[in-house]
Amino acid sequence: MAQDGFLKVSRRGVLAGGVASAAASRASIAFAQENSGASAVEATVPLKFTVNGEDRQLDLDTRTTLLDALREHLQLTGTKKGCDHGQCGACTVIVNGERINSCLSLAVQHEGDEVTTIEGLGSADRLHPMQAAFVKHDGYQCGYCTPGQICSAVAVLDEIRKGIPSHVTEDLDGAMQPSNVEMRERMSGNICRCGAYSNIAEAMAEVAGA
Amino acid sequence: MRSFTYERAKTAADAAKTVAETQGAKFIAGGTNLLDLMKIEVETPTHLVDVQDLGFDAIEETPEGGLRIGALVSNTALSAHPAVRRDYAVLTRAIQAGASGQLRNKATTGGNLLQRTRCAYFYDTNMPCNKRKPGDGCAALGGFSRQLGVIGISDACIATYPGDMAVALRVLDAVVETVKPDGTARAIPIADFHRLWGDTPQTETVLEPGELITAVVLPEPLGGQHFYQKVRDRRSYAFALVSVAAVIQADGTGRVAFGGVAPKPWRVEAADALLQQGASAVVAEAFADARPTEQNKFKIPLAERALAGILADARG
């Protein structure tokens with residue numbers, strides 16, 4: 001039975017969720033995943049890591065991506081699955097201080113890591129400055145890419161502060177500037193089909209103090 | 001994705017031995033290319049050996065005045081390293097021309113060398129592909145070949161090596177260091193690392209089963225001006241139609257390698273020797289044996305124009 005299979009995969013995930021309907025929909029996802037593979041889950045691998053400052057422990061199918069661990073097992077659904085192939089950036093999270101595509105990373109590779117998702121950056125009543133700037137500058141329309149855009153934007157400003165060059169940096173020895181052209185190049189891994197790019201760059205410029 | 005078992009290797013020799021002795025085993029480092037291919041079942045490993053704990057994450061000076069780059073150093077860290085920016089700017093430029101910030105943070109130096117082709121027919125499992133399934137045929141021959149190879153290719157496969165970093169490493173004459181399953185080490189010049197695959201396109205490098213990349217060594221700096229010009233369909237986050245890595249000295253001599261055109265970074269030393277004569281002479285020599293398709297023959301004049309732009313910039 002699908003539900004049994006799912007419980008075997010991630011009992012903790014279901015108990016943590018605690019919502020019957022949500023658990024049922026997750027079960028169907030797990031069932032679909034099992035059927036697409038060569039066999040049902042025979043053995044799970046334990047994972048301990050920190051998500052948004054909280055210690056979390058999961059037992060996972062080795063195939064579970066970091067993205068699916070966050071969304072389907074920890075119910076942190078702020079992080080979105082767009083292409084699931086590292087092309088769109090909707091799944092961007094910050095791991096040990098660096099942004100990555102959570103869809104192209106196996107969860108079991110993150111033992112001991114510190115993961116920050118959009119839920120960890122801010123909340124509805126305590127917005128992260130980048131979230132507030134996105135609201136102010138209309139940095140989104142449908143909102144689907146927004147969590148990835150914001151995680152990426154926060155990390156981009158950090159990369160500029162650390163002096164990491166980009167494709168458009170003219171002087172590799174000079175200080176990196178949070179200019180519009182730098183921001184656009186550095187955000188090229190985050191696609192927005194609504195085309196909010198100009199406003200996203202303005203939101204970033206405000207946070208950067210540029 | 002097919003199911004697989006997973007372990008974290010403790011030593012490089014153990015990792016190499018496990019992968020050599022376990023049917024269907026593969027190494028995983030950053031995983032950005034491997035997982036992508038596992039999701040569409042182009043790659044179907046039954047066991048993954050995660051090498052992230054092996055400690056190959058430093059960039060150190062060598063006694064010869066060069067740099068030894070650990071295989072696990074991320075693309076971001078490598079491109080941002082002060083000595084790389086100062087003495088090997090072509091490498092910083094090449095890395096930053098590739099992929100996205102998120103991918104560069106995860107992609108490793110060793111893994112990037114092993115990046116598989118981006119030929120659309122290799123990715124489309126409904127199409128025949130000799131690289132995916134030896135003897136299957138090549139859907140790209142007679143298909144859409146605009147993005148594909150013009151030189152060093154074969155009747156079995158016209159795909160390209162898609163990366164940027166390795167094109168710069170070829171200009172710098174880097175050396176790939178490995179450990180074999182029997183624990184012995186070897187050093188492979190980057191010129192020999194990627195194969196011209198002929199009728200065995202499934203084998204893209206000279207690595208033996210289980211052989212693990214531990215480092216990439218850069219010889220002492222070349223000086224000169226460093227350039228990486230990448231021409232692609234978007235300004236950012238796209239694979240090269242043609243890329244040109246070059247180091248040009250004050251007297252107009254130098255080295256040049258081309259990306260996006262062949263199964264390996266394409267450098268012809270006899271063409272380097274013609275740099276003072278200009279881009280046309282260099283490209284004529286480097287692409288003398290080219291056999292492009294109607295759709296991708298534009299890559300040769302494009303390479304010439306990209307190099308001409310570099311040489312004009314070098315003259316100032």
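In what follows, chains are A, B, ... by sequence order, proteins preceding strands, each numbered from 1.
In this structure, chain A has heavy atoms under 4.5 Å from both the backbone and the side chain of D36(B). When heavy atoms are compared at a cutoff of 4.5 Å, T32(B) approaches chain A by way of both its backbone and its side chain. For chain B, the nearby part of E159(A) is the side chain; its heavy atoms alone come within less than 4.5 Å.
Listed here is the closest heavy atom pair of V108(A) and R8(B): O-NH2, 3.6 Å. Heavy atoms only, all atoms of each residue included: S152(A) and Q102(B) are closest at OG-NE2, 3.4 Å. When all heavy atoms are compared, the tightest approach of L104(A) to L103(B) is CD1-CD2, 3.8 Å.
Distance alone, capped at 3.5 Å, is enough to place a donor-acceptor pair between the Q52(B) side chain and the Q109(A) backbone. Without hydrogens or angle criteria, N105(B) side chain to R99(A) main chain gives a donor-acceptor distance under 3.5 Å.
With a 6.0 Å radius and a threshold of 12 heavy atoms from other residues, nucleotides or ligands, E114(A) has its CD atom at or below the threshold. Within 6.0 Å of NZ in K162(A) there are more than 12 heavy atoms belonging to other residues, nucleotides or ligands.
Taking chain A as the reference chain and counting heavy-atom pairs below 4.5 Å, the highest number among S74(B), A94(B), A97(B), G31(B) is found for A97(B). Each of I28(B), N33(B), T44(B), L48(B) has some count of heavy-atom pairs under 4.5 Å with chain A, and the biggest count is that of I28(B). Counting heavy-atom pairs closer than 4.5 Å to chain B, the top-ranked of the candidates V45(A), T92(A), V95(A) is T92(A).
Ion pair D84(A)/K39(B) flagged as a salt bridge, since at least one NZ, NE, NH1 or NH2 atom sits closer than 4.0 Å to an Asp/Glu carboxylate oxygen.
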> Between T62(A) and T5(B), does a side chain to side chain contact (heavy atoms under 4.5 Å, CB included) hold up when you go through it step by step?
Replying inline: CA-CA 7 Å; T62(A) 52; T5(B) 47; 5.9 Å; no
>> Please determine whether side chain to side chain contact (heavy atoms under 4.5 Å, CB included) holds for the pair N101(A) and K106(B), giving the CA-CA distance in whole Å, both sets of side-chain angles, and the decisive distance to 0.1 Å.
In response: CA-CA 8 Å; N101(A) 297 118; K106(B) 206 83 193 84; over 6 Å; no
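Contacts between residues 228-239 of chain B and chain A, counted as heavy-atom pairs separated by less than 4.5 Å, involve R232(B), R235(B), S236(B), Y237(B).
Considering Q96(B), R93(B), R86(B) as possible partners of L172(A), the one that fulfils the side chain to side chain contact (heavy atoms under 4.5 Å, CB included) test is R93(B).
Residues H85(A) and L35(B) form no side-chain contact, since every pair of their non-hydrogen atoms from C-beta on lies 4.5 Å or further apart.
The OG atom of S100(B) sits 9.0 Å away from the CD1 atom of I191(A) when rounded to the nearest 0.5 Å.
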